[in-house]
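Written below as structure tokens is the structure these notes are about.
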Amino acid sequence: MDSRLEDINRLLINYSLGKFDYKIESSDNYDEIDAFIVNIHMLGEELKTSTISKDYFNNIFHSVSDKLFVLDTAGIITDVNQAVIHKLGYKLPDIKGLCIDVLSGNIGQFHSYAMKAMQSNDSIVQWESVIYTAKNEAIPVYCSCSHLYNQNKEKIGYLLSARDISNIKKYEKSLVESERKYRSIFEKSSDCLFLIDTAGHFLDLNTAGYELFKFAGEKTGTASFFAHIVDGNEKDSFSKLLYEEGHVIDYKLKITDTSKHIIDCLISANIISNEKGEAIGYQGIIKDISKQKNLENLVIKTIVDTQEQERKRIARDLHDSLGQQLSAIKFYLGSLKSMQGNGKKMKYEEILSKSNSALSDVLKELSNISFNLMPGTLQNFGVAYAVKELCHKKELSDLVNFDIDIDSNFIIDDQTIEITLFRITQEFINNTIKHGNAKKISIKMKVDTKQNRLLVTLKDDGKGFEIDKLSEYSGMGLKNIRSRVESHNGIVKINSIVSKGTTYEIMIPYKQKKNEKIAGINN
């Protein structure tokens, strides 16, 4: 037997072992056996090339992070990559032979898309679906499906790719939730919130904004925010500042609604930019401060009126009391001059006595006027002593009974708070005597050291009044009291019942110093 046949046998054995580089030499005969050897070598080269390509494909197939399924034309799984094994928890023998619809969230979904691909001859079909793991856990996926062909370009199956989009879905859900929360805050704001383009045209406006501008329906049309600014110079200044600085904070403007009603506003706005940093619009907030302005004007008017009334009272006291008494003293002193040398000692002494008595009354009245302006005890000994002194004045104690309960440690190292509490107490007593027809006034002052606050209760048993029926101006006394207390971050509750009386409950935050002591406050 020709020894070359044995060499051919060894060559085929090596090829079967994947050793495609193994070769045998041809003889010099150039016969049929040599030709066969050349053909076998060519087969080895082809096998080497195809094997390398297959290994290369398998490496790519199993290294892809997306889940890959090889399916036949009926949708039966014939192979999967490692991502399917690791991420879905299936073993290869268990998953091979299953229909892809078993793993899909919608039975028959794959077939419907596959049939569409076959009918339309599309190379790739894409859709969103759900794939279930071996533990029946749903994973949202983005699917891509393409045809598989044999060497004759006949369709023999499909390659299905399933990309996990769980994080994308979470992100989309987060965006939707954020948008929902933003919209809720946007709409529920009691202030006007707006979005405008660079020309000032409204892009979005919340409910409070529609109410402020009195826009009809839900659309603002081509309405421009800048067109609603009353003063042209203010509009130019505001626009320039907004364009140049990119933001404005608490800018006071007068704007008009669609009814041409003028509104005092406080506006804050800032620029909105795109990804390139280019201005595409502005967002902002408009606070209607018309009521605040009206209240401020009323407060100012009340302060001015109060000052004028106080000046008139002082002038009246000086004229009616001190003026007349000083005139009497002047008359007495003039009489003394005319009596010189007449020897009327008794008459002389009588006039001196009357003059002395009149001077005493003048000093007493002067003391009362000074006390009403600013009690010396308030400055020197504090509000507790000043309130005691006020209540012990005969002209008050003769008209009403006082029940005073002040903590022994009620001392305040803040004169503005002391003045506030004294003036409120003084006004409460005056109003009670003047309007309330009360027989008894109760005054309680204590320090709440646990919650660091001052508590003051003023109560009478007078005729009371209906708070809700007071006009805005006639009730400015109460508003003044609230303003005084709120200036110290405090709270005042005013309750009044007709025929029952009136009560003020005042709370002012205050942290008492450890070394603050007061003694000798007696009722």
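Side-chain atoms are counted along with the backbone in the values below, which use heavy atoms only and exclude waters and symmetry mates.
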pair [X]-[Y]: side-chain heavy atoms closer than 4.5 Å:
{"X": "Asp204", "Y": "Gln283", "value": "no"}
{"X": "Val102", "Y": "Ile77", "value": "no"}
{"X": "Tyr510", "Y": "Arg453", "value": "no"}
{"X": "Cys192", "Y": "Asp288", "value": "no"}
{"X": "Val383", "Y": "Thr425", "value": "no"}
{"X": "Arg163", "Y": "Val141", "value": "no"}
{"X": "Leu92", "Y": "Asp79", "value": "yes"}
{"X": "Leu159", "Y": "Val70", "value": "yes"}

Under 3.5 Å, is there a donor-acceptor pair between the side chain of [X] and the main chain of [Y]?
{"X": "Thr502", "Y": "Gly464", "answer": "no"}
{"X": "Ser237", "Y": "Asn233", "answer": "yes"}
{"X": "Asn270", "Y": "His247", "answer": "no"}
{"X": "Asn152", "Y": "Glu154", "answer": "no"}
{"X": "Asp72", "Y": "Ala74", "answer": "yes"}
{"X": "Ser174", "Y": "Lys170", "answer": "no"}
{"X": "Lys87", "Y": "Ser65", "answer": "yes"}
{"X": "His201", "Y": "Ala223", "answer": "no"}

Closest approach of [X] to [Y] (non-hydrogen atoms, all atoms of both residues):
{"X": "Leu88", "Y": "Tyr132", "value": "CD2-O, 4.4 Å"}
{"X": "Lys155", "Y": "Tyr149", "value": "CG-CE2, 3.4 Å"}
{"X": "Asp264", "Y": "Ser290", "value": "N-OG, 3.1 Å"}
{"X": "Lys214", "Y": "Ser259", "value": "CD-OG, 3.8 Å"}
{"X": "Phe226", "Y": "Gly200", "value": "CE1-CA, 3.4 Å"}
{"X": "Ala269", "Y": "Leu242", "value": "CB-CD1, 4.1 Å"}

Subject >> Polar side chain donor-acceptor pair, Ser189 to Asp191, under 3.5 angstrom >> reply: no
Rounded to the nearest 0.5 Å, what separates atom [atom1] in [X] from atom [atom2] in [Y]?
{"X": "Ile229", "Y": "Ile255", "atom1": "CD1", "atom2": "CD1", "value": "8.5 Å"}
{"X": "Lys235", "Y": "Phe225", "atom1": "NZ", "atom2": "CZ", "value": "11.0 Å"}
{"X": "Tyr142", "Y": "Ser161", "atom1": "OH", "atom2": "OG", "value": "10.0 Å"}
{"X": "Ile271", "Y": "Glu278", "atom1": "CD1", "atom2": "CD", "value": "10.5 Å"}
{"X": "Leu103", "Y": "Ile131", "atom1": "CG", "atom2": "CD1", "value": "6.0 Å"}
{"X": "His261", "Y": "Thr258", "atom1": "NE2", "atom2": "OG1", "value": "11.0 Å"}

Original post:
Parallel, tilted or perpendicular for Phe213 and Phe202, by the 30°/60° rule?
Top reply: perpendicular
Original post:
Passes side-chain contact (heavy atoms from CB on, under 4.5 Å), Met445 versus Leu454? Steps please.
Top reply: CA-CA 7 Å; Met445 296 183 178; Leu454 303 173; over 6 Å; no
**OP:** Report the C-alpha separation of Glu128 and Lys169 in whole Å, then their side-chain angles, then the decisive distance to 0.1 Å, and conclude whether the side-chain contact (heavy atoms from CB on, under 4.5 Å) test is met.
**Re:** CA-CA 11 Å; Glu128 286 188 19; Lys169 287 296 183 183; 3.0 Å; yes
**OP:** Applying salt bridge (Lys or Arg N to Asp or Glu O under 4.0 Å), run through Arg484 and Glu427 and close with a yes or a no.
**Re:** CA-CA 12 Å; Arg484 284 178 180 269; Glu427 183 173 354; 5.2 Å; no
Subject >> Given Val456, Asp414, Ile417, the one that forms side chain to side chain contact (heavy atoms under 4.5 Å, CB included) with Ile508 >> reply: Ile417
Original post:
Of Asp231, Ile267, Leu266, Ile286, which is the lone residue that meets side chain to side chain contact (heavy atoms under 4.5 Å, CB included) with Leu253?
Top reply: Ile267
**OP:** Evaluate whether atom CD1 of Ile249 has more than 12 neighbouring non-hydrogen atoms of other residues, nucleotides or ligands under 6.0 angstrom away.
**Re:** no
Subject >> Criterion ring pair (Phe, Tyr, Trp, His ring centres under 6.0 Å) on Tyr282 and Tyr243, from CA distance to verdict >> reply: CA-CA 9 Å; Tyr282 298 90; Tyr243 289 147; 5.8 Å; yes
Original post:
Under the salt bridge (Lys or Arg N to Asp or Glu O under 4.0 Å) criterion, do Arg183 and Glu187 qualify, and how do the steps go?
Top reply: CA-CA 6 Å; Arg183 199 71 207 178; Glu187 288 299 335; 3.1 Å; yes
